[in-house]
Amino acid sequence: MARPHALARGTHGPSGSPPHEDSLTTFRCGASTLLPALWRGASSRLPTLWCRASALHPDGDRRRRPTISHRSPMRSLARPLPARRPRPACTIPCPGRKRSAIIRPPGPLTTSPPPFHGAPMDAKHVYVEDLKNHVGETVTIKGWLYNNRSKGKIQFLQVRDGTGIVQSVLGKGAVDDATFAACDHLPQESSLMVTGAVRQDARAPGGYELSLTAVTIVAQAQPYPIALQEHGVAFLMENRHLWLRSRKQHAILRVRAEVMRAIRDFFDSRGFVALDSPILTPAACEGTTTLFNVDYFEDKAFLSQSGQLYVEAGAMAFGKVYCFGPTFRAEKSKTRRHLTEFWMVEPEIAYATLDDVMNLAEEFITFIVQRCLERRREDLKVLERNTALLEKIRPPFPRMSYDEAAKWLHDKGLPFEDGNDLGSPDETALSQAHDKPLMIHRYPTKVKAFYMKPDPQRADRALCVDVLAPEGVGEIIGGSQREEDLAALERRLEEHKLPRAAFEWYLDLRRYGAVPHAGFGLGVERTTGWICGTEHVRECIPFPRMMYKIYP
RNA sequence: UCCCCGGUAGCUCAAUGGUAGAGUACGCGGCUGUUAACCGCGGUGUUGCAGGUUCGAGUCCUGCCCGGGGAGCCA
């Protein structure tokens, strides 16, 4: 009862019309085992695509795949390729011939697409993560082939569906021979639907497996670039859109999603109003860092580096607010801690002091970590994270003033100059020395932003706090009590040489009912990276944006 | 912007200045419990680019390009 499926038709373009070249990329003409006689006859005229390395670039030459960089924006896409030894645009293996054939552009498709193999899917569709509730039932998993270990007359198809991976066992005779043979040649990441009885079996990774009675191949993949082997970072980054399917990346991004949900749950349940700040802004919030420029009609604008000034307005209106969104920094930082686009949550509270936000940060971090332990333990296991270290993350967190930190660094013999901001190596050393987040407060006023309130006890120290995650991770929170005095703030703007006109609205917040207030910002990717034990923040966001890197 | 490391097959990597080679992926064959399965067979190539030294350069020198890590700055 094999029949074409809507999904399959979709991959071949409208029936009877010439397919778009791209639409052909989902099947291959070398797959004669998949095709009935009529279709196979047509396949010799079909152009497609079983190129060894054409997954990323239409000319099949991986070395020319688009790499977009600051110095050579869109170079490989914008310029014609240099003249060189002619290469086949696309090749297919031809039985009986040593060399691959050169493929001509596609002609019109006149035959119908190949039918699927296997029985129609009348079994209940379930997700891999729910399989344990369906032992003994016959169910269908819809997903992609993670790996196939073929052992002659028995095949072990490992199918992933986004919620997990399940091993399904296909014995010869369980399905028709054509389907069995097709499965034996299925490349990694081919999409397929498998139907079978759910069994508990200790031999299966994950503990449950399927005894298959039907397999439907939705789309046979081209050879998948990301093999089950080690790959270099550069290669994986250029294949980020596919890398997301890998187990570790999958686990990290699920933890990230949990972190984001925990953030919202924490503030929403405490009476904070979500008040989003603009992404397009007229001026720098802090003045010191480099911003991305944007043409804003006839004017100039910037991508926001912080929503803080705007949530201050929000706090005066709603009492407790937070903004949560992307933030942009154009600094040329090339380290494992930096992205040019990252997500930040910034709570701001009226009538709050530095101590209030330090206490809040402590509760907040604890909430996020414990939530991930509670709900994403399996992912942390995939990541081989030492969760015992995370279990310890509960109040109180150690607190240290800047002066105490400076003394600690001196005692350790680290080259640190009093009065300077803490450098990266300093923070790393401090962070490594603690097994809980370390709160360092009251940095020198001169190294901090203009809006931070100086300590009334000591004007050369600001009422601010940085929270350093342990294990050498470093800063995940920066916060402060804000300067609420109009005259003092005006002086600070001048000292920082900031354009006053752009800040008039901000000064208004002091003119009309100023109150003490405070807040902080937490970086989502750094926090996720700490919880996951990830080496680099680029793995903690689906499509990282970094210096000179904006593809894919 | 500065400092350090790197660029060889689609991918991961070898190769005293002397014939560019493995594993993997891919293809074919074998195998009814595999765990990145295994066994046999099949060939990968402008050694990042441009010069230079040399009888001879993947290897040494110079410049450039690209990538990675770090400093500053920051979440």
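Every chain is numbered from 1, with letters handed out A, B, ... down the list of sequences. No hydrogens, no waters, no symmetry mates; every other heavy atom, side chains included, goes into these values. Bear in mind that the values here come from a model prediction, so they are computed numbers and not experimental data.
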J.: Do A:E230 and B:G23 share a donor-acceptor pair, side chain to base, under 3.5 Å?
T.: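 Answer no: no donor N or O sits under 3.5 Å from an acceptor.
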J.: How many whole angstroms separate atom NE2 of A:H536 from atom P of B:A75?
T.: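 Taking NE2 of A:H536 and P of B:A75, I get 18 Å after rounding.
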J.: To the nearest 0.5 Å, tell me how far A:K248 NZ sits from A:W243 CH2.
T.: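 The NZ atom of A:K248 sits 10.5 Å away from the CH2 atom of A:W243.
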J.: Assuming nearest nucleotide by heavy-atom distance, tell me which of A:V467 and A:M237 is located more 5' along RNA chain B.
T.: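 Nearest nucleotide further toward 5': that of A:M237.
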J.: Answer with yes or no whether A:R149 presents, from its side chain, a donor or acceptor under 3.5 Å of a partner atom in the base of B:C31.
T.: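 Flag unset: no donor-acceptor pair detected.
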J.: Would you say A:R538 reaches B:G69's phosphate, i.e. side-chain N/O to OP1/OP2 under 4.0 Å?
T.: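 It does, given that an N or O in the side chain of A:R538 lies less than 4.0 Å from OP1 or OP2 of B:G69.
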J.: Distance check, P atoms only: B:U46 and B:G42, in whole angstrom units.
T.: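 Each nucleotide's P atom is 22 Å from the other's.
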J.: Give one of base, sugar-phosphate or nothing for A:S150, where a contact means two heavy atoms less than 4.0 Å apart.
T.: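 Base: the residue A:S150, judged by heavy atoms under 4.0 Å, touches a nucleobase.
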J.: When you get a sec, tell me which of B:G29, B:U34, B:A36 is the closest nucleotide to the side chain of A:H185?
T.: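 Nearest listed nucleotide: B:G29.
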J.: Should the heavy atoms of other residues, nucleotides or ligands under 6.0 Å from CD of A:E495 be counted, would the total exceed 12?
T.: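 Buried by this count: over 12 neighbours within 6.0 Å.
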J.: Between A:E348 and A:Q308, is the side chain to side chain donor-acceptor pair (under 3.5 Å) condition met? List the steps.
T.: CA-CA 8 Å; A:E348 189 74 29; A:Q308 194 222 299; 4.6 Å; no
J.: CD of A:E331 versus P of B:G70: gap in Å, rounded?
T.: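 A:E331 atom CD is separated from B:G70 atom P by 16 Å.
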J.: Taking B:U19 as the reference, what is the distance to B:U59 when you measure between their C1' atoms (whole Å, please)?
T.: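 That atom pair is separated by 16 Å.
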J.: Taking the six-membered ring for Trp and the full ring for Phe, Tyr or His, determine whether the centres of A:F328 and A:F302 are under 6.0 Å apart.
T.: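 No, the ring centres sit 6.0 Å or more apart.
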J.: What is the distance, to the nearest angstrom, from the CZ atom on A:F235 to the P atom on B:U12?
T.: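 Distance check: A:F235 CZ to B:U12 P gives 6 Å.
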J.: Is there a side-chain contact between A:R336 and the phosphate of B:G70, meaning an N or O under 4.0 Å from OP1 or OP2?
T.: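 Checking B:G70 against A:R336, a side-chain N or O does come within under 4.0 Å of OP1 or OP2.
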J.: With hydrogens left out and only the distance checked, is there a donor-acceptor pair under 3.5 Å joining A:Q167's side chain and the base of B:U34?
T.: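 Between B:U34 and A:Q167, which were checked side chain against base, a qualifying N/O pair under 3.5 Å is present.
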J.: Looking only at atom C1', what distance separates B:G63 and B:G70, rounded to whole Å?
T.: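 The same atom, C1', in both gives a distance of 25 Å.
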J.: Using the C1' atom as the reference point in each nucleotide, state the distance between B:U12 and B:G51 in Å, no decimals.
T.: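 Nearest-Å result for B:U12 against B:G51 at atom C1': 31 Å.
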J.: So, under a plain 3.5 Å distance rule, would you say the side chain of A:S333 forms a donor-acceptor pair with the base of B:C74?
T.: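 By the distance-only test, no, there is no pair.
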J.: Ring of A:F342 versus six-membered ring of B:A75: centres under 5.5 Å and planes under 30°?
T.: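 A stacking contact exists, since A:F342 sits close and nearly parallel to the base ring of B:A75.
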J.: On RNA chain B, does the nearest nucleotide to A:A227 precede the nearest nucleotide to A:R199 from the 5' side, or the other way round? Give the residue.
T.: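 Whichever sits nearer the 5' end wins; that is A:A227.
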J.: Less than 4.0 angstrom between a side-chain N/O of A:K549 and OP1 or OP2 of B:G68, yes or no?
T.: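 For A:K549, the contact criterion (side-chain N or O under 4.0 Å from OP1 or OP2 of B:G68) is met.
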J.: Look at the side chain of A:Q229 and the base of B:C11, then say whether one donor and one acceptor between them are separated by less than 3.5 Å.
T.: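 Such a pair is found, so the answer is yes.
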J.: Write down the distance separating the P atoms in B:G23 and B:C65, rounded off to the nearest Å.
T.: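 It works out to 38 Å between them.
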J.: Measure from the side chain of A:K334, starting at C-beta and using heavy atoms only, and say which of B:G69, B:U34, B:A75 lies closest.
T.: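 Out of B:G69, B:U34, B:A75, the nucleotide with an atom closest to A:K334's side chain is B:G69.
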J.: Please report, to 0.1 Å, the donor-acceptor pairs under 3.5 Å made by any side chain of residues 147-155 of chain A, with sequence neighbours excluded.
T.:
residue	atom	partner	partner atom	Å
A:N148	ND2	A:Q155	OE1	3.1
A:N148	ND2	A:C183	O	2.9
A:S150	OG	A:D184	OD1	2.7
A:Q155	OE1	A:D184	N	3.3
A:Q155	NE2	A:F180	O	2.9

J.: Select base, sugar-phosphate, or nothing to describe what A:S424 touches, counting heavy atoms under 4.0 Å on all strands.
T.: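 Base contact.
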J.: B:C55 and B:C49: how far apart are their P atoms, nearest whole angstrom?
T.: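 Rounded to whole Å, the distance is 25 Å.
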J.: At under 4.0 Å between heavy atoms, what does A:E209 touch on the DNA or RNA strands: base, sugar-phosphate, or nothing?
T.: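 Touches a base.
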J.: So, OP1 or OP2 of B:C31: does either fall under 4.0 Å of a side-chain N or O from A:K151?
T.: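 No.
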J.: Residues in salt bridge (charged side-chain N to carboxylate O under 4.0 Å, His left out) with A:D265, at least two apart?
T.: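 Salt bridge (charged side-chain N to carboxylate O under 4.0 Å, His left out) list for A:D265, sorted by chain: A:R371.
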J.: Which of the following nucleotides, B:U12, B:A71, B:U34, is nearest to the side chain of A:R337?
T.: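 The answer is B:A71.
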J.: Strictly below 4.0 Å, N to O, side chains only: are A:E362 and A:R399 in salt-bridge contact?
T.: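 A salt bridge is present here (some side-chain N lies under 4.0 Å from a carboxylate O).
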J.: Please give the distance between the P atoms of B:C64 and B:C2 as a whole number of Å.
T.: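 Pairwise P distance, B:C64 against B:C2, rounds to 11 Å.
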J.: Determine whether any donor atom in the side chain of A:H231 lies under 3.5 Å from an acceptor atom in the base of B:C11, or the reverse, and answer yes or no.
T.: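 By the distance-only test, no, there is no pair.
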J.: Quick one: label A:G232 by what it contacts on the DNA or RNA (base, sugar-phosphate, nothing), any heavy atom closer than 4.0 Å.
T.: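 It contacts sugar-phosphate atoms only.
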J.: Please state the P separation for the pair B:C4 and B:U8 - nearest whole angstrom.
T.: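 That atom pair is separated by 22 Å.
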